[in-house]
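Written out below as structure tokens is the structure these notes cover.
Start at 1 and go down the list; that is how both ligands and their atoms are numbered.
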Amino acid sequence: PETSIASPVGTTLERYIMQKQSEFAFATGELSQLLRDIALAGKIINREVNRAGLAGITGAYGQQNVQGEEQQQLDVVANIRFIRALRNGGQACAVLSEEEDDIIHTGNDHGRYVVAIDPLDGSSNINVNVSIGTIFAIYRRVTPVGSKATRADFLQGGRQQVAAGYILYGSSTMLVYTTGHGVAGFTYEPSLGEFFLSHPSITIPTEGKTFSCNEGNWFDYPECVRTYLTDCKRQRFAGRYVGSLVADYHRNLFTGGIYLYPPTAKNTSGKLRLLYECYPLAFLIEQAGGQAYGEHGPVLDVTPIDFHQRSPLYIGSPAMVTAYQDCVSAAE
Ligand code: AHG
Ligand code: MN
Ligand code: MN
Ligand code: MN
């Protein structure tokens with residue numbers, strides 16, 4: 001009998017980056033190296049996430065972060081691991097993290113890039129074994145090479161991102177990113193310690209029948225959000241909400257759908273942070289043919305003022321985000 005032909009070993013992230021190297025602006029290999037450093041940190045976090053219950057690193061860390069959130073131990077572990085990987089990789093001169101009040105200088109003052117990061121997204125799901133993620137945004141520095149990075153490097157605005165993506169620690173671990181030339185997805189093979197190209201070109205369905213929001217905030221929502229969601233329900237759309245932005249976003253990217261985090265009484269500008277949640281996912285969704293809106297228009301056009309500022313976020317299939325915007329216009 002024919003021996004079964006082993007599934008062809010696909011393109012690794014390494015090979016993919018080298019093949020695509022020529023597409024990167026400033027193709028000097030530095031952005032390639034930076035993406036490798038992020039992938040390495042993702043592999044390390046994946047291992048920590050998978051063994052958290054055994055290593056006793058679930059649960060609260062016992063401190064609050066600048067957001068006023070109770071840090072989970074894995075928030076702190078992921079933060080340390082990412083900063084260390086970026087420091088050792090040499091390409092990032094500074095990092096802005098959800099878990100740090102201020103910029104962290106890596107010591108690589110000759111690095112040409114800065115990285116804004118949500119080291120661990122979906123912290124409320126860590127202890128209950130539900131998918132969590134990492135979100136990252138990459139900018140070329142605007143301050144002189146050799147100097148210390150400043151706020152200006154991080155407050156360039158969403159459309160200045162040169163790369164963005166996320167890692168989803170889910171039923172399988174995936175790295176999904178863009179450098180402005182479409183969206184590619186890689187699936188991690190733990191036995192080989194490699195990310196393999198599994199989705200060469202990801203685009204979001206124009207339409208969708210899934211809405212993702214925390215309906216516990218229903219009575220805080222602006223009228224136009226309730227109008228839009230009521231219309232989704234009249235059409236018998238599916239409500240799907242994991243409570244990890246990366247997991248909800250990734251599902252909607254493949255099935256079509258809309259994720260909403262509107263203003264609430266507790267978070268009057270929405271809960272999600274502009275620099276390391278809204279901007280990177282908005283860059284990605286536009287590259288995948290979708291849309292991402294904030295308070296008054298595309299979230300990539302929101303002017304950044306503070307490192308940890310928040311923005312409402314309505315993101316996903318273009319037809320659904322447009323339908324939501326029509327509700328906003330009708331209400332004005
Ligand atoms: P993080 O864990 O990085 O602080 O982000 C949590 C965010 C996002 O992941 C998720 O969609 C949202 O918070 C859930 O908020 P609610 O619990 O208010 O629904
Ligand atoms: Mn988050
Ligand atoms: Mn986080
Ligand atoms: Mn948090």
- For the Mn ion (ligand 3), find the closest N/O/S atom on Glu98 and give its atom name. OE1
- Check all N, O or S atoms of Asp118 and name the one closest to the Mn ion (ligand 3). OD1
- Task: If the plane angle is over 60° it's perpendicular, under 30° parallel, otherwise tilted; pick one for Tyr228 and Tyr324.
- Result: perpendicular
Within-4.5 Å side-chain heavy-atom neighbours: [X] and [Y]:
X: Tyr276; Y: His308; result: yes
X: Gln156; Y: Val142; result: yes
X: Val95; Y: Ile117; result: yes

- Ile167 and Val246: which non-hydrogen atoms are nearest, and at how many Å? O-CG1, 3.8 Å
- Nearest heavy-atom contact between Cys278 and Ser311 is SG-O, 3.9 Å
- Any chance CZ of Arg36 has more than 12 other-residue heavy atoms, nucleotides or ligands included, within less than 6.0 Å? yes
- Message: Quick check: of its N, O or S atoms, which one does Asp121 have closest to the Mn ion (ligand 2)?
- Response: OD1
- Message: Among the N, O or S atoms of Glu277, which one sits nearest to the Mn ion (ligand 2)?
- Response: OE2
- On the ring face of Tyr113, is Arg140 found with NZ or CZ under 6.0 Å from the centre and within 45° of the axis? yes
- Is there an N/O/S atom in Pro119 that lies less than 2.8 Å from the Mn ion (ligand 3)? no
- Give the protein residues with at least one non-hydrogen atom closer than 4.0 Å to an atom of ligand 1, ordered by chain and number. Glu69, Glu98, Asp118, Leu120, Asp121, Gly122, Ser123, Asn214, Tyr241, Gly243, Ser244, Leu245, Tyr259, Tyr261, Lys271, Leu272, Arg273, Glu277
